[in-house]
There are 2 protein chains.
Amino acid sequence: MDQEAFFRKLVDFTAAVHQVKHELTKDLPLGSVTPVQYGILEYIAVHQPVTLSEISDCQHMSMPNTSRELKKLTEKNLCEKSIAAEDQRKQYIRLSPEGQRMMDDIFRRIHSRFEERIRTVPEEGLKAIDRAMDVLRAQLFDTSYAKK
Amino acid sequence: MDQEAFFRKLVDFTAAVHQVKHELTKDLPLGSVTPVQYGILEYIAVHQPVTLSEISDCQHMSMPNTSRELKKLTEKNLCEKSIAAEDQRKQYIRLSPEGQRMMDDIFRRIHSRFEERIRTVPEEGLKAIDRAMDVLRAQLFDTSYAKK
DNA sequence: CTCTTTCCTTATCATTTGATAACAAAAGGG
DNA sequence: CCCTTTTGTTATCAAATGATAAGGAAAGAG
C-alpha cells in the first residue's frame with residue numbers, strides 16, 4: 001500500500017469529518033455561551049460527572065483558564081460543582097437542570113440534522129457505516145494509544 | 001438499527017477523530033504562526049492555488065478577517081498573491097517557497113507520527129482501514145452534501 | 001453606458017482566549 | 001509531622017479572534 005497516498009487520504013478524511021461536524025453543529029442556539037464554553041458543556045454532557053482536571057486535560061486548556069470558564073458556566077446556571085466525598089480537593093461537575101435541558105435540546109437538533117443526512121441511506125448502508133466506524137475506532141482512532 | 005445508539009456512536013467517533021488529529025498535530029514548529037493562520041496555510045497547501053473567498057468559505061471566517069490574516073501571512077513571506085489573468089478582482093494564493101518548505105516539514109512530522117501510530121498494524125489491517133474510510137467518505141462524510 | 005454584483009481591502013472595536021505568577025488547601029509518603 | 005504532589009483558585013496581561021462599517025475596483029447584465 002502506498003504510504004504517501006494513504007496518509008493523504010487520512011488528511012482528507014479528517015478534514016471531511018471536521019467539515020461535516022461543523023455543518024451538524026453550526027448555528028445552534030448557544031445564547032451567551034462561547035465556543036470554548038460550549039466545548040466544555042459538551043464534554044460534561046457526555047462524561048458527567050467530571051473533574052476540573054479532566055476537562056483541562058481533554059479540552060487542552062490550562063487549569064486557570066478551565067477554572068475561569070467553568071466559573072462563568074456556573075454563574076450562568078448551566079453546571080454545578082460538588083465536592084467529592086472521598087477527596088475534598090476534587091469537585092464533581094455536572095450539568096444543572098437548566099444546562100441539561102439546553103444540551104438535550106442541542107443534541108436533539110444535531111440528531112435531527114444527522115437523520116436528515118442519512119435519510120436516503122438504506123439499512124444495509126447503515127450497517128456498513130457501523131462496521132466501518134468500528135474498524136477505524138479500533139485501528140486508527142484508538143484514543144487510548146500512547147497515553148504517556 | 002438503534003437510531004439513538006448509532007448517533008451516539010457517531011458523536012464518539014468524531015470526538016475520537018478530533019482527539020487523534022490533535023495528537024498528530026500538537027507541538028508543531030509553528031514559529032509566529034497562530035492557530036487560525038495555520039489552518040489557512042494547511043488549506044492552501046492542500047488546495048493551492050485558492051482564492052480569498054474560498055479560504056473564507058472553507059475556514060468559516062469573514063472576508064475582512066480572512067484578508068487580514070492572509071496579509072499577515074504574506075508579510076511573513078509564507079504565501080503569495082497573484083492577480084488572476086481572466087478576472088482582475090480575483091487573486092490566486094499559493095504558498096511561497098518558504099511557506100512550502102515550512103508546510104513540507106510539518107507534513108513530514110505529522111506523517112512520521114502517523115506511521116508510528118500504524119506501525120503495528122498489519123497490511124491486512126491497513127486495507128481494512130482504507131476500505132472503511134471509503135465507506136464513510138461516500139456515505140457519511142460526503143462534503144458535497146447539501147451545498148446550499 | 002448605468003446599475004448591480006462579486007471580490008477584496010482597510011479600519012476599528014469588543015470579546016475571547018491563552019499564558020503566567022502567586023496562592024491555598026487537601027492528600028499522600030516517608 | 002514535615003515535605004511533596006495533586007487539585008483548584010484568583011488576578012492580570014497580551015494576543016488572537018470575530019464582528020461591523022465603509023469603500024473601491026473589476027465584471028456582468030440590461
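Letters A, B, ... mirror the listed sequences (proteins, then strands); counts begin at 1.
- Salt bridge B/R101/B/D105: absent, no basic N to carboxylate O contact under 4.0 Å.
- When distances run from any side-chain atom of A/P64 to the nucleotides C/dA21, C/dT17, C/dC8, the shortest one goes to C/dA21.
- Within the structure, every side-chain polar atom (N or O) of A/T51 is placed at least 4.0 Å from both OP1 and OP2 of D/dT7.
- Atom CE in A/M63 sits roughly 5 Å away from atom P in D/dG8 (whole-Å rounding).
- Note on ring orientation: taking the six-membered ring where Trp is involved, the planes of A/H111 and B/F7 are parallel (angle under 30°, cut-offs 30° and 60°).
- Comparing A/E86 and A/T34 by the nucleotide of DNA chain C that holds the closest heavy atom to each, the one mapping nearer the 5' end is A/T34.
- Mapping A/K90 and B/E69 onto DNA chain D via the closest heavy atom, the residue that lands nearer the 5' end is A/K90.
- Here the P atom of nucleotide D/dA26 and the CD atom of B/Q91 are 13 Å apart, to the nearest Å.
- Residue B/P35 is in sugar-phosphate contact alone, with no base atom involved, counting any heavy-atom pair closer than 4.0 Å across all strands shown.
- In this model, the phosphate group of C/dT20 is not approached by any side-chain N or O of A/S62 to a distance below 4.0 Å at OP1 or OP2.
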Kindly determine whether B/Y43 and B/H47 satisfy ring-ring contact (aromatic ring centres under 6.0 Å, His included), including the steps that lead there. CA-CA 6 Å; B/Y43 180 76; B/H47 296 93; 4.4 Å; yes
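- With the nearest nucleotide of DNA chain C identified for both B/I93 and A/S32, B/I93 has the one nearer the 5' end.
- Listed pair B/K71 / C/dT10 meets the phosphate criterion, a side-chain N or O lying under 4.0 Å from OP1 or OP2.
- Using a 4.0 Å heavy-atom cutoff across all strands shown, B/D87 reaches sugar-phosphate atoms only and no base atom.
- Counting to the nearest Å, the P atom of C/dC7 and the CD atom of B/E54 are 10 Å from each other.
- Per the geometry, CG belonging to A/N65 stands 15 Å off P belonging to D/dT12, to the nearest Å.
- Between B/Q88 atom CD and D/dG28 atom P the separation is 11 Å, expressed in whole Å.
- Distance B/I40 CD1 to D/dG18 C1': 13 Å, rounded to the nearest Å.
- At least one side-chain nitrogen or oxygen of A/K81 sits closer than 4.0 Å to the OP1 or OP2 atom of D/dT9.
- At a threshold of 4.0 angstrom between heavy atoms, the contacts of A/S56 with the nucleic acid are absent.
- Put simply, NE2 on A/H60 is 16 Å from C1' on C/dT17, counting in whole angstrom units.
- Comparing D/dT9, D/dA19, C/dT9 against the side chain of B/R68 picks out D/dA19 as the nearest.
- If you measure from atom OH of B/Y92 to atom C1' of C/dC8, you get 15 Å, rounded to the nearest angstrom.
- Linking ILVMFWY side-chain heavy atoms closer than 4.5 Å, directly or via other members, places A/Y92 and A/M63 in two distinct hydrophobic clusters.
- At least one donor-acceptor pair under 3.5 Å links the side chain of B/S56 to the backbone N or O of B/M61.
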